[in-house]
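A short write-up of the structure that comes next.
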Amino acid sequence: MSRSFTAPKGTFDLIPPESATFLRVRDAFAAGPKLAGYGYVETPIFEDTALIHRGVGESTDIVTKETYTFTDRGGRSLTLRPEATASVVRAALEHGLHRGQLPVKLWYSGSFFRYERPQSGRYRHFSQVGAEALGATDASLDAELVWLAAEAYRRLGLGGCRLLLNSLGDPQCRPAYRQRLQEFLRGLDLDDDTRGRVDINPLRVLDDKRAEVRKQLHGAPLLADHLCAECQEHYDEVRALLADLGVSYVDDPRLVRGLDYYTRTTFEFVHDGLGAQSAVGGGGRYDGLSSDIGGPSLPSVGWSLGVDRTVLAMRAEGIAVDDAPRCAVFVVPLGDDAHRRMVPVLATLRTAGVSSDMVYGGRGLKGAMKAADRSGARYAVIVGERDLRGDVAQLKDLASGEQVAVPLADLVDNLQEKLT
RNA sequence: GUGGGUGUAGCUCAGCUGGUAGAGCACCUGGUUGUGGUCCAGGGGGUCGUGGGUUCGAGCCCCAUCACUCACCCCA
């Protein structure tokens, strides 16, 4: 056993059969946006460091201690993306997508990077699928996105997924609330780190999971009680629409997400099967992000769903769909001549859309049949010298054991018919 | 950055108060020179994470180190 190289800390390889579940999750997440008019967008995996900092927020933990930042040979500071929203907005602005019809609806799927101590459900390299609707304040977009995500989890069969909903207000009402909250928090008995957070981003203190902190937060002022009329109306509208859509949710006035750009609607899908982590996906409205990064006002809403975490949740519920690759037909040639002859036949089968594999490396018949059996194929096509002389193949049903001789010329048609 | 747990075969793990390495599964071969699953027999695979120490002798004890893992802060 030589262990010269291993996957870098906090990363993991996706290999069969488990990788099948990841593919299934990605497909399920992407299916909704595709059906709802979202176009596919793909942006670079690294961005100008300044974009990440301004997009995600200088005060966030992501920017202060979790970024992978490097200088390229041209002296530019680049950062591996820790999330996609800033990139998507940047791309939309750069290509003038916002000058056309609004909203601009986009979805993406890809890898993201945060430098953290890994643990269950938290990796340095992780995978998300996301959707963003740029350029509209319409509450029905908020509701549409939440519904799309809820629908994806439902279709994956996840029963233990709960939706938390909150409104974070806007520049009209949040500053006054923020000040009230700071006054309250400064009266508490907190450690130095948390005191620092009170100054920089007091809302996130509400999200602290430590019992000794939670205990003191009981009487804390909540933003839900301090929303301005416009924000309140928007939030009420989102909730009414979700009710109409049959999406159940829990109002969580303490829900604060880790990114600075959120305004108004904020939501998180949580699950208990991830270890200490709970969020499998989340999102919200970010009406100020575009202007934060130098663009025009472009009120927008979006989500991103964690592929890895969702897989963990599915495992916890016993609904993972791990599966090895499987072909319908497995070809077993006996001897070099037969092997030679079957290579193009195999190609013809595949061209005809019949998934098929064959035995390689000159194994004996017993070994070849064993390989056929383990491939999970429904039919084995056995061809030896005797068959070649008669231009036939032995077609064996691997479940029943029945075997018939079929003219080689009819093999593809025959199999296609049997398999439909 | 802080704390706990674990490192023995490809995988899951046993290994007693220290006496020179094991099981199950997987893989390969044969029993059946043209037939898989079950069964039987055999086989390949390990510097016991690494380095040092104690000892006549270390997988086991001591020290260090690395890796993995879980948790805290925080987050998808």
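What you see below is based on every heavy atom in this structure, not just the backbone, and it leaves out hydrogens, waters and symmetry mates. Quick caveat: nothing in here was measured; it's all calculated off a predicted structure. Naming: A, B, ... by sequence-line order, numbering from 1 per chain.
- Applying the Watson-Crick and G-U wobble criteria (two distances, each under 3.5 Å), G44(B) pairs with nothing in any strand.
- Contact record, Arg326(A) with Gly376(A): NH1-CA, 3.5 Å, taken as the closest heavy-atom pair.
- In this structure, Leu203(A) atom CG and C74(B) atom C1' are separated by 16 Å, rounded to whole Å.
- Salt-bridge check for Arg154(A) with Glu151(A): passed, with a basic side-chain N closer than 4.0 Å to an acidic carboxylate O.
- Gly384(A) comes within 4.0 angstrom of a base, heavy atoms only.
- Between Arg257(A) and C74(B), a side-chain N or O to OP1/OP2 separation shorter than 4.0 Å is absent.
- The CZ-P distance, from Arg114(A) to C73(B), rounds to 17 Å in whole Å.
- Counting only heavy atoms from C-beta outward, the side chains of Asn166(A) and Phe267(A) never approach each other to under 4.5 Å.
- Nucleic acid contact for Ala279(A): sugar-phosphate only, since backbone atoms but no base atoms lie under 4.0 Å from a heavy atom of the residue.
- Residue Arg386(A) places its side chain closer to G34(B) than to any other of A71(B), G37(B), G34(B).
- An OP1 or OP2 oxygen of C28(B) is reached within less than 4.0 angstrom by a side-chain nitrogen or oxygen of Arg374(A).
- Closest of all the heavy-atom pairs between Leu419(A) and Val329(A) is CD1-CG2, 4.0 Å.
- Here Phe112(A) does not pack flat against the base of A76(B), since the 5.5 angstrom centre distance and 30 degree tilt limits are not both met.
- Taking only distance into account, the side chain of Arg122(A) meets the base of C74(B) through a donor-acceptor pair shorter than 3.5 Å.
- Atom pair Tyr123(A):OH and C68(B):P shows a separation of 13 Å (rounding to whole Å applied).
- The base of U69(B) has none of its N or O atoms less than 3.5 Å from a complementary donor or acceptor on the side chain of Gln119(A).
- As judged by a 4.0 angstrom heavy-atom cut-off over every strand, Ala399(A) is placed among the base-contacting residues.
- Taking atom CZ on Arg363(A) and atom P on G30(B), their separation rounds to 10 Å, with Å as the unit.
- Residue contacts shown for Gly275(A) are limited to sugar-phosphate atoms, with no base heavy atom under 4.0 Å away.
- A distance of about 13 Å separates the C1' atoms of C40(B) and U32(B), rounded to the whole Å.
- At a cut-off of 3.5 angstrom, counting only N and O atoms as typed in the model, there is no donor on one side facing an acceptor on the other between the side-chain of Gln277(A) and the base of A71(B).
- In this structure, Asp308(A) does not pair ionically with Arg122(A), as no charged nitrogen and carboxylate oxygen lie closer than 4.0 Å.
- Scanning atom types as modelled, no donor and acceptor separated by under 3.5 angstrom connect the side chain of Lys366(A) and the base of G34(B).
- Note on Ser120(A): only backbone sugar-phosphate atoms sit closer than 4.0 angstrom, heavy atoms only; bases stay farther off.
- Which of U2(B), G34(B), A76(B) sits closest to the side chain of Arg117(A) comes down to U2(B).
- Look at CD on Glu116(A): it is 15 Å from C1' on C70(B), rounded to the nearest Å.
- Across the strands present, A64(B) finds its partner in U50(B); the criterion is a Watson-Crick or G-U wobble pair with both atom distances under 3.5 angstrom.
- The environment of CD in Glu94(A) is crowded: more than 12 heavy-atom neighbours from other residues, nucleotides or ligands sit within 6.0 Å.
- With rounding to whole Å, Gln403(A) atom CD is found 11 Å from G36(B) atom P.
- No hydrogens or angles were tested; on distance alone, a donor-acceptor pair under 3.5 Å links the side chain of Asp373(A) to the base of G36(B).
- Using a 4.0 Å heavy-atom cutoff across all strands shown, Lys396(A) reaches at least one base atom of the nucleic acid.
- Ile62(A) has its CD1 atom 16 Å from the P atom of C73(B), to the nearest Å.
- Arg124(A) comes within 4.0 angstrom of nothing in the nucleic acid, heavy atoms only.
- Heavy atoms of Val280(A) sit under 4.0 angstrom from primed sugar atoms or phosphate atoms, though from no base atom.
- Defined by atom type and a distance below 3.5 Å, a donor-acceptor pair is present between the side-chain atoms of Thr85(A) and Glu132(A).
- For G24(B), the paired base is C11(B) (Watson-Crick or G-U wobble, both distances below 3.5 Å).
- Here G37(B) sits opposite no nucleotide as a Watson-Crick or G-U wobble pair (both hydrogen-bonding atom distances under 3.5 Å).
- Protein atom CZ of Phe12(A) is 18 Å distant from nucleotide atom C1' of A67(B), rounded to whole Å.
- Within the nucleic acid shown, Glu385(A) comes within 4.0 Å of at least one base atom, counting heavy atoms only.
- Across all strands shown, G3(B) forms a Watson-Crick or G-U wobble pair, both distances under 3.5 Å, with C70(B).
- The base of C73(B) is paired with the side chain of Lys65(A) by a donor and an acceptor separated by under 3.5 Å.
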